[in-house]
2 protein chains.
Amino acid sequence: MRATIRDVAREAGVSIATVSRVLRDSTAVRPTTRDRVLAAADELEFVPSALGRQLAERRHAANGIVFPDLSGPYYAEVVLGYESVAAELGRSVLILSTRDRPDAESAVQAMAERCDGLVVLGRTVPDAAVERLVVRGAHVVMVARPPVGGADSVNARNRQGARALTEHLLDLDVRRLVFVGDPSTSPDVAERLRGIQEALPADADLQLHHVDSLDEECGAHVVGDYLTRALPDAFVCANDELALGMLGRLSAAGVDLPGRVKVAGWDDVMAARYAGLTTVRQPMRELGATAARLLDELISGSRSHPTHELLPTQLVVRSTTLGKVAP
Amino acid sequence: MRATIRDVAREAGVSIATVSRVLRDSTAVRPTTRDRVLAAADELEFVPSALGRQLAERRHAANGIVFPDLSGPYYAEVVLGYESVAAELGRSVLILSTRDRPDAESAVQAMAERCDGLVVLGRTVPDAAVERLVVRGAHVVMVARPPVGGADSVNARNRQGARALTEHLLDLDVRRLVFVGDPSTSPDVAERLRGIQEALPADADLQLHHVDSLDEECGAHVVGDYLTRALPDAFVCANDELALGMLGRLSAAGVDLPGRVKVAGWDDVMAARYAGLTTVRQPMRELGATAARLLDELISGSRSHPTHELLPTQLVVRSTTLGKVAP
DNA sequence: TTGAAAGCGGTACCAC
DNA sequence: GTGGTACCGCTTTCAA
């Protein structure tokens, strides 16, 4: 069995209190005693039990993060930014993916029991569940989702990015556009749609094309629907994957792009560059990093009132939206 | 403060032992007592402390996973496969990225204190450190890396994939090829290089082009070196990102591809499809899932001897390696 | 400067 | 069936 603090105490001929002091170099300990303890600890290869410590300190020194998936680059980047800051702050990171998980809510509850606070990404958990967490005293930061019941939040300026993108399209004489994506899947997507609506003049026409999920396959499928009827001037997709799926199918169908139809995505993932896809970049890693900092403030108690951060977005114009719409 | 088991016991007029029994429905408890306890627990909104339980049971019910990064799709997929299985087995997942972390080894040690076992991906931690973990009784599974000191391992058949790819290139009359990547960065990469060497006939020429990291930027940079000197028949890259970086730069330089030079990558990430990149697919998610299962066997004690799994790879031919080399 | 002892919140053995 | 109680491994008063 592994050595405990009592073994070290016995070996060094001191009390466990003294061993604890030495290991946490808190109170002053006589140097000779200190050395004896360190020698004993070294001799026994003593490593303090994280569990014992956590229970006594009543803190986990760990944060959680809940995300729907890690497939696309988006969530992976957010998680990375989060982990990086959390590690700096001396906290472990627990992850929980809700993909294909029917018991997501109970899983989140269980996770909340194992950490000092957690970040919830997007629409992974119902509002009511988040509120329940907060009421029970959990520290919660929402990312890519409007704040709920006093929780902190971090979001990208979706509306602003959407407006910039829309204005760019308007400059190209786009008048009929289709938004591809389901605003109900994610608050972020809903915001993007709203931004477009805000920037659109009365003489423009915006249709909404619902899709079941935001992946390439769905994008390709969407194109199929339009091959038998009129194409709009432009498709604006809820994310890049969707747009990339459309690109593939459009070019396979021989549609002139960006001449006949323009396509834009969202996120600026790596593949977007290769496809020459116009998109709106959002600071994915920074979203995670900011969430980690806010969470730390909540946990350490240095701030008690909720705060809501907005991070910038940036329009990235590439070849899928070049040239004016043919008259 | 949150209710503890003692509060519930008092409220229900029973001992804590009985409360514990009811909550874990272990030993038989009289139904009326049981109901009283459940009512009290419900009334007090009692949720058992994970820490208390873990300390008493002397298990964390959590697994760790150490990876270098999460930027590319590769590690993200592995982590996802891992998390998915771990969750099914009722274990939480702790993550640790070693990217830009000078104290990686101590961070891994700390993580090992917080979980029942962990998975180490690629060259994130020195062999000696892994051995130390194993010696101290930690359950360790290595992924994309040769086993160390009695740890389990899960790997893709890199050699086999590399041979298949090489034979494909040979069929196209490729004779002079350059392997782009640093075999010392990862055992996986070293295996791929070895596979190529094995499949190459004596009259073929294989050069090794070292790069500092396996990202697109490096790929683009590599191309720069060849614009002033002779191009090989084909570039085989250590991963897709590298290959994609090369593709962009090559086409910018107006090099005929795949006529003048062929390019192949590794992993089959999403962007590879859009770029029409020939590559070798490996079952990323399955690597993680398998690791989680092996780890569970280790932790549950259902297996004590180390085991080593090899997962299949698959050659995916696309447009970057079409047509024979011009004579 | 150091030690004894009371927690932290559970589990589980041993009596009754 | 239940209750008393001894842990699990550490931190932290309170005294000495």
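Heavy atoms only: backbone and side chains are in, while hydrogens, waters and symmetry mates are out. Here is how names work: the chains are called A, B, and so on, in the same order as the sequence lines, proteins then strands, and each is numbered from 1.
Between the side chain of A:Arg114 and the backbone N or O of B:His60, at least one donor-acceptor pair lies under 3.5 Å.
A salt bridge between A:Asp127 and A:Arg145 is present, with a side-chain N of the basic residue lying under 4.0 Å from a carboxylate O of the acidic one. Look at B:Arg53 and A:Glu113 and you find no salt bridge, because none of the NZ, NE, NH1 or NH2 atoms lies under 4.0 Å from a carboxylate O. Under the 4.0 Å criterion applied to side-chain N and carboxylate O atoms, A:Arg101 and B:Glu83 are assigned as salt-bridge partners. Looking at A:Arg293 and A:Glu309, no side-chain N of the basic residue comes within less than 4.0 Å of a carboxylate O on the acidic one, giving no salt bridge. By the 4.0 Å N-to-carboxylate-O rule, B:Arg59 lies too far from B:Asp116 to be salt-bridged with it. A salt bridge links A:Arg10 to A:Asp7: one of the charged nitrogens lies within less than 4.0 Å of a carboxylate oxygen.
Chain B approaches DNA chain C within less than 4.0 angstrom (heavy atoms of the protein), and the contacting nucleotides run 5' to 3' from C:dG9 to C:dC13. Along DNA chain D, read 5' to 3', the first and last nucleotides having any atom under 4.0 Å from a heavy atom of chain A are D:dG9 to D:dT13.
Both A:Arg6 and B:Leu23 lie near DNA chain C, and the one whose nearest nucleotide falls closer to the 5' end is A:Arg6. Comparing A:Ile5 and B:Thr18 by the nucleotide of DNA chain D that holds the closest heavy atom to each, the one mapping nearer the 5' end is B:Thr18.
Residues satisfying the side chain to side chain donor-acceptor pair (under 3.5 Å) test with A:Glu297, not counting sequence neighbours, are A:Arg303.
Within the 4.5 Å cutoff, the side chain of A:Ser97 has heavy atoms near those of the B:Leu80 side chain. A heavy-atom distance below 4.5 Å is found between the side chains of A:Arg91 and A:Ile299.
When only modelled atom types and interatomic distance are considered, B:Ser186 and B:Asp188 share no side-chain donor-acceptor pair under 3.5 Å.
Residues from residues 46-61 of chain A placing a heavy atom under 4.0 Å of any atom in DNA chain C, listed by number, are A:Leu55, A:Ala56, A:Arg58.
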Stepwise side-chain contact (heavy atoms from CB on, under 4.5 Å) check, B:Leu89 with B:Leu295: CA-CA 11 Å; B:Leu89 296 169; B:Leu295 194 49; over 6 Å; no
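Comparing the start and finish of the helix from C:dT1-D:dA16 to C:dC16-D:dG1, five pairs each, the helix axis swings through 40°, to the nearest 10 degrees.
Contacts of A:Arg21 with the nucleic acid, taken as non-hydrogen atoms under 4.0 Å apart, include base atoms.
Contacts classified as salt bridge (Lys or Arg N to Asp or Glu O under 4.0 Å) and involving residues 71-81 of chain A (residues at least two apart or in different chains) are given here: A:Glu77-A:Arg285.
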